[in-house]
There are 2 protein chains.
Amino acid sequence: MALTERKKKILAAVVAEYIRTAEPVGSKTIAQTAGLGCSSATIRNELSELVSMGYLEQPHTSAGRVPTPQGYRIYVNELMQRQRLSLEETEAINASLNERLSQLDDIVSNAGALAASLTNYPAMAIAAPPPATIKRFDLIYIDANTFIIVAMMSNDTVRNKLVHLPVSVGQDMIQRLSSVFNANFTNITEERISPLTIRAAERAVDDTMGLTGVIASFAIEILSEAQAAETCVAGANRLLSQPEFRDPAKAHALMSYISDAEHIKNLPEVYDVDGEGIKVLIGPDNVAEELKDSSVVLASYDMGDDTRGLIGVVGPTRMDYSAVAAKLGLIARALSERLGGGSAPPKGLDNKLIIKEDTNGQHEQ
Amino acid sequence: MALTERKKKILAAVVAEYIRTAEPVGSKTIAQTAGLGCSSATIRNELSELVSMGYLEQPHTSAGRVPTPQGYRIYVNELMQRQRLSLEETEAINASLNERLSQLDDIVSNAGALAASLTNYPAMAIAAPPPATIKRFDLIYIDANTFIIVAMMSNDTVRNKLVHLPVSVGQDMIQRLSSVFNANFTNITEERISPLTIRAAERAVDDTMGLTGVIASFAIEILSEAQAAETCVAGANRLLSQPEFRDPAKAHALMSYISDAEHIKNLPEVYDVDGEGIKVLIGPDNVAEELKDSSVVLASYDMGDDTRGLIGVVGPTRMDYSAVAAKLGLIARALSERLGGGSAPPKGLDNKLIIKEDTNGQHEQ
DNA sequence: CTTGGCACTCTCGGCCCTCGAGTGCTAATA
DNA sequence: TATTAGCACTCGAGGGCCGAGAGTGCCAAG
């Protein structure tokens with residue numbers, strides 16, 4: 001049986017009210033709020049049909065109705081009115097975006113943190129960059145025992161490493177190493193670097209001190225890092241403000257699950273979000289057992305370099321889909337605008353320097 | 001009144017048992033477990049004195065005893081036997097350490113994650129590095145529109161930035177910029193870089209395109225970043241496995257507090273942990289209102305370069321202090337061994353290359 | 001000083017009851 | 001045929017009551 005117009009209105013009202021209050025919704029409430037001119041008895045009849053159609057259910061005989069996952073599905077796909085964010089909200093979001101993204105240190109984790117703070121649900125962000133290669137090596141000679149490897153990558157990031165040597169090395173050797181690596185180790189993928197090619201390079205520069213190996217392993221390391229998906233999870237604690245996680249055991253289970261970036265990285269559903277769209281996974285839609293009682297909303301954005309980034313939010317099935325979708329959509333669009341658009345410089349920056357950078361200093365022995 | 005030997009034993013038994021079970025401890029339990037040959041009636045007398053001395057309290061008249069913060073204090077300072085970690089545990093910890101720290105990407109967050117997973121409490125890690133300066137600039141000319149800035153810092157990390165120019169620049173200009181910056185902007189702190197000095201440099205190289213400003217702002221940026229304390233919080237969700245956080249409101253409050261690195265960074269108590277010691281802050285010892293019901297255990301370790309790092313753990317006052325102290329101590333010692341010891345290379349590595357590195361690539365427009 | 005004994009206190013869990021929200025059904029009505 | 005008012009029914013939440021059990025404090029005897 002198809003949904004009559006009135007059934008749709010009633011279903012929408014039930015879902016909206018349940019999202020608001022987290023309590024089963026009764027016929028009387030709907031008669032009052034939904035504003036269709038009929039009595040609660042009529043609504044009751046409709047409700048019980050919606051139950052038998054599988055869109056609603058009753059926790060027990062004398063309780064109100066609660067949406068089923070199918071009910072949410074219909075709501076999300078057809079009934080929900082696209083929430084128009086108020087001007088203030090849009091402003092606020094843009095302000096946060098500007099503030100957070102001015103220091104573009106780590107887009108992934110910033111996008112995640114932003115989504116979490118705007119939606120008040122735990123958020124995650126993923127970026128799986130396209131395979132990168134090294135475009136060019138530079139070896140900077142510091143002193144007889146020290147040099148720096150600088151590698152410029154095909155995606156225009158730069159990586160470096162400081163090498164201290166227990167033995168002395170001449171500037172000429174550094175020179176030779178540099179040209180051999182530029183000749184043989186640029187524009188190739190990780191798997192093309194083999195012990196064989198390394199031995200060959202070693203012989204070519206007459207290296208008896210293992211320098212070739214050091215540079216090669218640095219190359220391997222940054223190549224494999226460059227293709228690893230970056231993930232971040234932010235604001236997991238926000239789960240606790242949701243009444244459905246009043247039970248600490250439940251809360252703990254889900255929080256532990258989503259707090260582990262490995263889990264997120266391995267979610268298959270994450271990898272088929274199409275283009276600009278927003279994807280909503282409701283309860284059992286989720287593949288992971290731990291998420292079967294929760295919902296996930298995902299939005300993708302253009303990171304430039306043919307990369308798409310993904311931001312998402314996790315919450316109870318009783319999630320405020322329309323607000324979340326609106327906010328994620330806004331963030332995704334804003335990010336696409338800022339980062340995307342191929343290699344053309346973003347408007348308004350034409351006469352400024354365009355900079356890609358690599359930062360962060362660490363130690364290693 | 002001083003604590004008699006027997007009172008000490010009884011107090012220790014109460015605290016230990018309460019830590020184990022999270023339930024008030026009765027006189028009978030102690031008579032049986034503590035193994036001092038006297039009856040529960042005797043213990044009762046002693047217990048009530050311990051109550052009037054302020055080391056124990058009763059939730060209600062007919063319940064067992066629970067330690068007060070002062071009780072924990074005495075326990076931690078005098079009564080607790082230093083837990084000897086079993087061989088397996090030590091092995092396990094060392095194994096994790098080796099695995100996690102082999103990729104020394106980010107010591108701070110790795111140390112935090114490690115402490116959390118070993119103790120099963122939320123953990124935090126902080127490192128406030130000593131002020132660093134730039135030792136040397138290298139500008140790598142890529143093409144007429146592109147160059148890379150490489151800055152080697154006094155703490156032997158290397159930072160870099162890729163600069164795209166909307167105009168063409170000759171290799172000679174890059175050359176000149178490099179020598180001016182090496183002459184005027186090395187070995188100085190951030191505040192010594194002023195608009196004035198930048199203007200001077202600009203004139204010196206005859207720069208009309210703002211290149212000087214770009215390099216100078218990069219210098220400012222990395223100098224200020226280098227002196228910012230790095231912080232990380234890991235495993236906040238572990239709080240939920242503690243019975244004292246069965247109440248979601250409490251759990252949420254504390255989790256939100258500790259999940260925010262800014263809060264952690266600003267904890268004053270964090271900054272006066274002396275040398276090798278382990279510091280235990282019990283309930284009201286904490287300055288932050290949010291931590292008054294919880295305890296914090298802190299251990300510091302030597303990161304080399306005269307820097308001390310800090311790892312800590314947050315939990316209910318009913319924390320297993322002796323296990324936590326033992327584990328944090330072990331981690332701190334292991335880290336000190338690996339990272340510390342001034343600039344002398346760690347033993348066993350003498351004939352290997354010693355490497356300090358800087359990695360991580362990012363974008364900026 | 002210690003200890004067995006005993007009365008007392010307080011919490012916890014189970015049980016019962018009432019209250020109220022909400023339903024489903026029926027019969028009357030438009 | 002669709003709607004509605006009315007009414008009996010169901011079920012859970014909350015409150016009060018009670019008994020069991022754990023633990024205490026005190027007393028008098030060893």
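Letters go in sequence order (proteins before strands), and every chain restarts at 1. The analysis underlying the following values was restricted to heavy atoms, covering all of them including side chains, and did not include hydrogens, waters or symmetry mates.
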B:Asp285 atom CG, neighbour heavy-atom count above 12 within 6.0 Å =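 Counting other residues, nucleotides and ligands, CG of B:Asp285 exceeds 12 neighbours.
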
Can you tell me the distance, in whole Å, between the [atom1] atom of [X] and the [atom2] atom of [N]?
X	N	atom1	atom2	result
A:Glu46	C:dT23	CD	P	13 Å
A:Lys7	D:dA2	NZ	C1'	12 Å
A:Leu56	C:dG24	CG	C1'	16 Å
A:Glu57	C:dG22	CD	P	17 Å
B:Leu47	C:dT3	CG	C1'	15 Å
B:Leu50	D:dT24	CG	C1'	15 Å
B:Ile10	C:dT2	CD1	C1'	12 Å
B:Lys28	D:dG21	NZ	P	12 Å

Looking only at atom types and distance, does a side-chain atom of [X] sit under 3.5 Å from a main-chain N or O of [Y], one as donor and one as acceptor?
X	Y	value
A:Thr317	A:Ser294	no
A:Ser259	A:Ser256	no
B:Arg318	B:Ile19	yes

Roughly how far, to the nearest 0.5 Å, is CD1 of B:Ile258 from CD of B:Glu290?
->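 Atom-to-atom, B:Glu290:CD and B:Ile258:CD1 are 11.5 Å apart.
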
Base, sugar-phosphate, or nothing: which does A:Ser27 touch, judged by heavy atoms less than 4.0 Å apart?
->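 It contacts sugar-phosphate atoms only.
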
Which residues share a side-chain contact (heavy atoms from CB on, under 4.5 Å) with B:Glu17, sequence neighbours left out =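 B:Glu17: side-chain contact (heavy atoms from CB on, under 4.5 Å) contacts with B:Arg20, B:Thr21, B:Val25, B:Thr29.
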
Identify all pairs in which a protein N or O lies below 3.5 Å from an N or O of nucleotides 10-16 of chain D, and state each distance.
| residue | atom | partner | partner atom | Å |
| --- | --- | --- | --- | --- |
| D:dT10 | O2 | A:Ser62 | OG | 3.1 |
| D:dC11 | OP1 | A:Thr61 | OG1 | 3.4 |
| D:dC11 | O3' | A:His60 | ND1 | 3.4 |
| D:dC11 | O2 | A:Ser62 | OG | 3.2 |
| D:dG12 | O5' | A:His60 | ND1 | 3.4 |

All pairs passing ring pair (Phe, Tyr, Trp, His ring centres under 6.0 Å) where residues 235-257 of chain B contributes a residue, at least two apart |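 For residues 235-257 of chain B: B:Tyr257-B:His263.
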
If you look only at pairs with a residue in residues 8-41 of chain A, which of them pass as a ring pair (Phe, Tyr, Trp, His ring centres under 6.0 Å), with sequence neighbours excluded?
->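 Ring pair (Phe, Tyr, Trp, His ring centres under 6.0 Å) check on residues 8-41 of chain A returns no pairs.
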
Ignoring backbone atoms, establish whether [X] has a side-chain N or O less than 4.0 Å from OP1 or OP2 of [N].
X	N	answer
A:Arg65	C:dA21	no
B:Thr42	C:dT3	yes
B:Gln58	C:dT11	no

Any chance the rings of A:Tyr75 and A:Tyr321 have centres within less than 6.0 Å?
->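 When the ring centroids of A:Tyr75 and A:Tyr321 are compared, they turn out to be at least 6.0 Å apart.
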
Minimal heavy-atom distance between A:Gly112 and A:Cys232, with the atoms involved, is CA-SG, 4.1 Å

Which nucleotides of nucleotides 25-30 of chain C have their base under 4.0 Å from a protein heavy atom (B), which only their sugar-phosphate (S), and which neither (-), written as one string 5' to 3'?
-> ------

Using a strict 4.0 Å threshold on nitrogen-to-oxygen distance, state whether A:Glu289 and A:Lys292 make a salt bridge.
->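 Between A:Lys292 and A:Glu289 there is no salt bridge, as every charged N stays at least 4.0 Å from the carboxylate O atoms.
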
Report the C-alpha separation of A:Lys28 and A:Ile43 in whole Å, then their side-chain angles, then the decisive distance to 0.1 Å, and conclude whether the side chain to side chain contact (heavy atoms under 4.5 Å, CB included) test is met.
-> CA-CA 8 Å; A:Lys28 213 166 140 191; A:Ile43 309 257; over 6 Å; no

Between the two ends of the helix from C:dC1-D:dG30 to C:dA30-D:dT1, what is the bend in degrees, rounded to 10 degrees, where each end axis spans five pairs?
-> 20°

Closest to the A:Ser39 side chain: C:dT3, D:dT3, D:dA5?
->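 Of C:dT3, D:dT3, D:dA5, D:dA5 is nearest to the side chain of A:Ser39.
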
